[in-house]
Participant: 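Just passing along the structure, written as structure tokens.
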Number of protein chains: 2
Amino acid sequence: MKSGELSFTEENYLKAIYSLSERSVSFDTSTNEIAERLRTKPPTVSDMLKKLTAKKLIAYEKYKRVQLTKSGRQIAIQIVRKHRLWEVFLHSTLKFSWDEVHEVAEQLEHIHSEELITRLEKFLGYPKFDPHGDPIPSAEGELEDGKRINLSEVENGTNCQVVGVMDSSTPFLQYLEQIDIAIGTRLKVVGKIEFDGSMIIQIKKKPQFTVSKKFSENVMVTA
Amino acid sequence: MKSGELSFTEENYLKAIYSLSERSVSFDTSTNEIAERLRTKPPTVSDMLKKLTAKKLIAYEKYKRVQLTKSGRQIAIQIVRKHRLWEVFLHSTLKFSWDEVHEVAEQLEHIHSEELITRLEKFLGYPKFDPHGDPIPSAEGELEDGKRINLSEVENGTNCQVVGVMDSSTPFLQYLEQIDIAIGTRLKVVGKIEFDGSMIIQIKKKPQFTVSKKFSENVMVTA
DNA sequence: AATTAAAGTTAGGCAAATCTAACTGTTTTG
DNA sequence: CAAAACAGTTAGATTTGCCTAACTTTAATT
């Protein structure tokens, strides 16, 4: 391991602390939560927290809750970025299904090479969201949270990108597949029908088609 | 690490033993050679050799030389396979140069996922050689050593794939680039000129062109 | 063949990451 | 508010991979 680089394990701790903190009001988390997330035991976490404190990656005092420092968060975000870019690669390029990508991405996210990620991102066409619809941080760590809105709220003539669904029933997913819409699909709203809220949509240069209000209300997009 | 899976370190030892053995007449290697290859010290190697012996991955007796067992070699070959497929990915897909791919592939080769390699190989179009012209073992561990011959020896009307060069001077490499020939390029010999040994070549559906005998003698291909 | 040189192995130790068992602090609650 | 429950830490052991120093075996050389 090159000097300055973190170990696989340290990176996993930062990632866990990051994601647990994000889910909390006070942007912090606890020893036990981390232990549970990483399927390890609290004493192990206690040890690591001391180590990460020494490296100034977390702000932590005995018996208190844990928060990432600015540099700790920066590193965590870079790992998330790598994880999500690899997920896009696995899904879009290698045709893994949505649910198969995570495990492998967990390994790939720890590959150390700036250049690799830069080129991978370029190859993938600078995607903004992973196959689960979660946003991909930029190289600078910016989390563009292009507010996710309902397709039904998109204005006429606007381009948007599909980032998730509200309904994950089989019929709905099959319908999506049939009309060739998936996470990441970019589409344009070319018309709306006042009468019943139907929408006319265009994908790339394919023929336009119409979807119902019920449909568009179940698709999440970002501008 | 899932049970049965080898650690990063163990995999590196097998790979080192494999490549050092291949280069020897008796298909074996020594403690010191391994230590040097892995930039570690002989006692460390001694320890690991005991461990690998216990796992029946190597045939080894104290103070004697080391050989891989059948299963050890099988595993080593799979690692080589992964390494070379990743090299192709880095070079062909992500446009890394020939000399940049190795370091990153050293990390990627240890990702554990059969499915990943299966899909990666398919995506890459089942390449037979890596960017350095070394053969890629099949999923079954077969090392197709489609004898590398001189392009000048290829018969009229035969398809072949470029696997290496004899000359690596800048002018030659620049010429290769200019006429769009790289490692992995598939081409067809469509004619030969008796007079001076020139060759008429076709790549995919591009226009045919002629190369000199001096040129074709410096290109290695496989049938 | 005896001695030196080299190759290889033990012994003992260290650091990282993990565990269990026992202890200490904090929180909840009757 | 005291006691139980929970959360968190320390202590001490284990495993893996690595090291140096000292020893042993094999090989080379005079």
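The chains referred to below are lettered A, B, ... by the order of the sequence lines, with proteins before strands, and numbering in each begins at 1.
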Participant: Who pairs with B:Phe8 by ring pair (Phe, Tyr, Trp, His ring centres under 6.0 Å), at least two apart in sequence or on another chain?
Facilitator: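 B:Phe8 satisfies ring pair (Phe, Tyr, Trp, His ring centres under 6.0 Å) with B:His110 only.
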
Participant: Could you check whether B:Glu33 pairs with B:Arg37 (Lys NZ or Arg NE/NH1/NH2 to Asp/Glu carboxylate O, under 4.0 Å)?
Facilitator: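 B:Arg37 and B:Glu33: not salt-bridged.
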
Participant: Tell me the closest heavy-atom pair linking A:Leu57 and A:Ile75, and the distance in Å.
Facilitator: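 Closest pair (atom of A:Leu57, atom of A:Ile75, distance): CD2-CD1, 3.7 Å.
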
Participant: Determine the interplanar angle of the B:Trp86 and A:Phe89 rings, folded into 0 to 90°, and report it as parallel if under 30°, tilted if 30 to 60°, perpendicular if over 60°.
Facilitator: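 Tilted: the ring planes of B:Trp86 and A:Phe89 meet at 30° to 60°.
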
Participant: Taking only residues at least two apart or on different chains, which pairs with a member in residues 124-141 of chain B satisfy salt bridge (Lys or Arg N to Asp or Glu O under 4.0 Å)?
Facilitator: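 Qualifying pairs, neighbours excluded: B:Arg84-B:Asp130.
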
Participant: Let me know the distance between OH of B:Tyr63 and P of D:dT24, rounded to the nearest Å.
Facilitator: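 In whole Å, D:dT24 P and B:Tyr63 OH are 9 Å from each other.
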
Participant: Can you check the B:Leu52 CG to D:dT16 P distance for me, whole Å?
Facilitator: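 Value for this atom pair: 12 Å.
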
Participant: Whole angstrom is fine here: how far is it from CG in A:Leu6 over to P in C:dA15?
Facilitator: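 So the two atoms are 19 Å apart, to the nearest Å.
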
Participant: CE of B:Met48 versus P of C:dG8: gap in Å, rounded?
Facilitator: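 In whole Å, C:dG8 P and B:Met48 CE are 17 Å from each other.
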
Participant: If you assign B:Ser30 and A:Thr9 each to the DNA chain C nucleotide with the nearest heavy atom, which residue ends up on the more 5' nucleotide?
Facilitator: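 Of the two residues, B:Ser30 wins.
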
Participant: From CD of A:Glu5 over to P of C:dA16, roughly how many Å is that when rounded to an integer?
Facilitator: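 In whole Å, C:dA16 P lies 16 Å from A:Glu5 CD.
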
Participant: Checking all strands, does B:Phe8 fall into the base, sugar-phosphate, or nothing category for heavy-atom contacts under 4.0 angstrom?
Facilitator: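 Here B:Phe8 touches no strand at all.
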
Participant: For the pair B:Asn218 (side chain) and B:Lys214 (backbone), establish whether a donor and an acceptor sit closer than 3.5 Å, ignoring hydrogens and angles.
Facilitator: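 Checking the backbone N and O of B:Lys214 against the side chain of B:Asn218, a donor-acceptor pair under 3.5 Å is found.
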
Participant: Whole angstrom is fine here: how far is it from CZ in A:Arg65 over to P in C:dT27?
Facilitator: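 My rounded result for the distance is 11 Å.
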
Participant: Please state how far atom CG in B:Asp47 lies from atom P in D:dC19, giving the value in whole angstrom units.
Facilitator: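 Value for this atom pair: 10 Å.
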
Participant: If we ignore angles and hydrogens, is there a donor and acceptor under 3.5 Å between the side chains of B:His91 and B:Glu87?
Facilitator: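 B:His91 vs B:Glu87: no donor-acceptor pair found between side chains.
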
Participant: To the nearest Å, give me how far apart CG (A:Leu49) and P (D:dT10) are.
Facilitator: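 It is 11 Å, rounded to the nearest whole Å.
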
Participant: Look at all strands and tell whether A:Thr44 reaches a base, only sugar-phosphate, or nothing, counting heavy atoms closer than 4.0 Å.
Facilitator: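 Base contact.
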
Participant: Using heavy atoms and a sub-4.0 Å distance, could you list which residues of residues 31-43 of chain B are near DNA chain D? By number, please.
Facilitator: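 By residue number: B:Thr40, B:Lys41, B:Pro43.
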
Participant: Ignoring backbone atoms, establish whether A:Lys62 has a side-chain N or O less than 4.0 Å from OP1 or OP2 of D:dA7.
Facilitator: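 No, no such contact exists.
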
Participant: OP1 or OP2 of C:dG8 versus the side-chain N and O atoms of B:Lys64: is any pair under 4.0 Å?
Facilitator: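 For C:dG8, OP1/OP2 do not have a side-chain N/O of B:Lys64 under 4.0 Å.
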
